Number of protein chains: 2
Amino acid sequence: MNNQQLDQQLCFPLYAASRLVTRLYQPLLEQHNLTYTQYIVLMILWQHDGASVKLIGQKALLSSNTLTPLLKRMEQAQLLKRQRSVNDERSVEINLTEQGWQLKTTLACIPQQLIEQADFDLDKARQLKSLLDQLITHLA
Amino acid sequence: MNNQQLDQQLCFPLYAASRLVTRLYQPLLEQHNLTYTQYIVLMILWQHDGASVKLIGQKALLSSNTLTPLLKRMEQAQLLKRQRSVNDERSVEINLTEQGWQLKTTLACIPQQLIEQADFDLDKARQLKSLLDQLITHLA
DNA sequence: GGCGATTATATCGCGCACGATCAAAAAGTC
DNA sequence: GACTTTTTGATCGTGCGCGATATAATCGCC
């Protein structure tokens with residue numbers, strides 16, 4: 001077996017599938033002037049409003065060099081507020097605005113829409129997610 | 001079930017796993033001044049030397065706005081040559097240089113190294129690849 | 001063979017990703 | 001309490017991804 005063939009490696013299917021799925025979300029998100037990564041961050045904040053940049057980074061596996069400008073853009077779009085923590089001046093707390101919270105309702109239909117649009121076997125999707133979660137736990 | 005939770009959706013595990021795996025490759029590739037995407041393109045060219053930009057794009061699911069600058073950088077690194085096709089002046093043919101071919105040998109160990117380094121259950125990896133391939137076929 | 005439609009690549013702009021580095025605050029050490 | 005170390009974000013530079021658009025070559029059709 002030739003390991004060096006593109007179609008023999010796990011790396012490419014991961015890379016390709018990730019981008020293909022992102023492309024599915026994109027048309028739905030751009031209606032609200034959101035990027036895919038911003039949507040990820042929003043989901044984190046809906047669960048952890050007031051989170052620090054560090055916490056968001058841990059959840060999204062991103063670091064400040066990506067998050068700082070991204071959060072600034074989202075602040076400009078009035079989705080959130082950034083302010084230094086009172087307890088620890090090193091840390092920056094991110095709080096959703098009214099508008100940021102409103103998107104939780106507005107975008108609530110997206111997961112279901114995606115499932116329908118992708119029309120991918122639900123069992124396979126669950127199995128895939130389970131394997132990916134195991135891989136992530138293994139690597140992160 | 002709350003579909004809107006990050007950990008309930010397929011999108012994030014895909015995104016995260018893809019980036020984590022890329023990070024595994026990165027230290028091995030940077031020794032040869034290669035990026036992950038350049039490595040993907042190299043694998044395609046090892047199988048299809050003389051391919052057009054279009055063909056590479058079909059295999060890698062990338063288009064010219066990504067490939068043109070990437071291929072120019074690889075040409076500057078003397079890994080390949082770009083030249084207009086004689087038959088069809090619209091098309092650009094990519095041919096590996098001696099150096100580009102040499103990397104096929106030099107990098108032959110990477111897949112095996114990755115498997116060992118990741119230390120991920122091989123059966124699960126195969127299963128994962130199979131599901132990803134199905135998803136890609138479904139979406140591409 | 002002329003001419004509109006299609007195709008292949010290139011260019012531009014923007015937003016990630018991420019390595020490297022820096023600055024400031026906090027925590028640990030003596 | 002001064003000093004070192006660690007933690008937290010911010011900044012900078014480079015390379016993707018990709019939507020939008022441009023340009024040139026080819027094709028299709030009459």
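Every value quoted in this text rests on a predicted model; they were computed, and no experiment measured them. Reminder, nothing fancy here: chain letters follow the sequence lines and each chain counts from 1.
Ranked by how close their nearest DNA chain C nucleotide is to the 5' end, B:Leu67 and B:Thr22 are led by B:Leu67. Heavy-atom nearest nucleotides on DNA chain C were determined for A:Ser85 and for A:Ser64, and the one closer to the 5' end corresponds to A:Ser64. With DNA chain D read from its 5' end, the first of the two nearest nucleotides for A:Lys72 and B:Asn87 is the one closest to A:Lys72. Along DNA chain D, the nucleotide nearest A:Glu30 and the nucleotide nearest B:Gln38 are compared for position; the residue whose nucleotide lies closer to the 5' end is B:Gln38.
Taking only side-chain nitrogens and oxygens, A:Ser91 never comes nearer than 4.0 Å to OP1 or OP2 of D:dT8. One finds no side-chain N or O of A:Arg82 lying less than 4.0 angstrom from the OP1 or OP2 phosphate oxygen of D:dT8. Remark: A:Tyr15 is in phosphate contact with D:dG17, judged by side-chain N or O atoms under 4.0 Å from OP1 or OP2. Phosphate proximity of C:dG15 to A:Thr37: absent, as no side-chain N or O sits under 4.0 Å from OP1 or OP2. OP1 and OP2 of D:dG17 both lie 4.0 Å or more from every side-chain N or O belonging to B:Ser63. Using a 4.0 Å cut-off, some side-chain N or O of B:Thr68 falls inside it from OP1 or OP2 of C:dA10.
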Pairs of donor and acceptor atoms involving the side chains of residues 27-36 of chain B, under 3.5 Å and at least two apart or interchain, shall be tabulated with distances.
from: B:Glu30; atom 1: OE1; to: B:Gln26; atom 2: NE2; distance (Å): 3.4
from: B:Gln31; atom 1: NE2; to: B:Pro27; atom 2: O; distance (Å): 3.4
from: B:Thr35; atom 1: OG1; to: B:Gln38; atom 2: N; distance (Å): 3.2
from: B:Tyr36; atom 1: OH; to: A:Cys11; atom 2: O; distance (Å): 3.1

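Atom CG of A:Asp88 is separated from atom C1' of D:dT6 by 12 Å (rounded to the nearest Å). Between the C1' atom of C:dT7 and the NZ atom of B:Lys54 lies a distance of 7 Å, rounded to the nearest Å. C:dA8 atom P lies 14 Å from atom CD1 of B:Ile56, rounded to whole Å. Across the protein-nucleic acid pair, B:Arg19 atom CZ and D:dG15 atom C1' stand 15 Å apart, rounded to whole Å. Protein atom CZ of B:Arg23 is 7 Å distant from nucleotide atom P of C:dG19, rounded to whole Å. Between the P atom of D:dT8 and the CZ atom of A:Arg90 lies a distance of 6 Å, rounded to the nearest Å. To the nearest angstrom, C1' of D:dA24 lies 8 Å from CZ of B:Arg84. If you measure from atom CD of B:Gln26 to atom C1' of C:dA17, you get 11 Å, rounded to the nearest angstrom.
A donor and an acceptor atom never sit less than 3.5 Å apart when one is taken from the side chain of A:Asn65 and the other from the base of D:dG9.
Side-chain contact, B:Ser63 with B:Asn65: a donor N or O sits under 3.5 Å from an acceptor N or O. For the residue pair B:Glu116 / B:Gln112, a side-chain donor-acceptor distance below 3.5 Å is found, with atom types taken as modelled. Residues B:Gln9 and A:Tyr25 have side chains that bring a donor and an acceptor to within less than 3.5 angstrom of each other.
At least one donor-acceptor pair under 3.5 Å links the side chain of A:Thr137 to the backbone N or O of A:Asp133.
Listed candidates were C:dT9, D:dC16, C:dG15. Nearest to the side chain of B:Arg73 is D:dC16. Of the candidates C:dT9, C:dC12, D:dC16, the closest approach to any side-chain atom of B:Thr35 belongs to D:dC16.
Among the protein residues, B:Thr66 comes within range of the nucleic acid bases, having at least one heavy atom under 4.0 Å from a base atom.
A cation-pi contact links A:Arg19 to A:Tyr15, judged by a cut-off of 6.0 Å to the six-membered ring centre and 45° from its axis.
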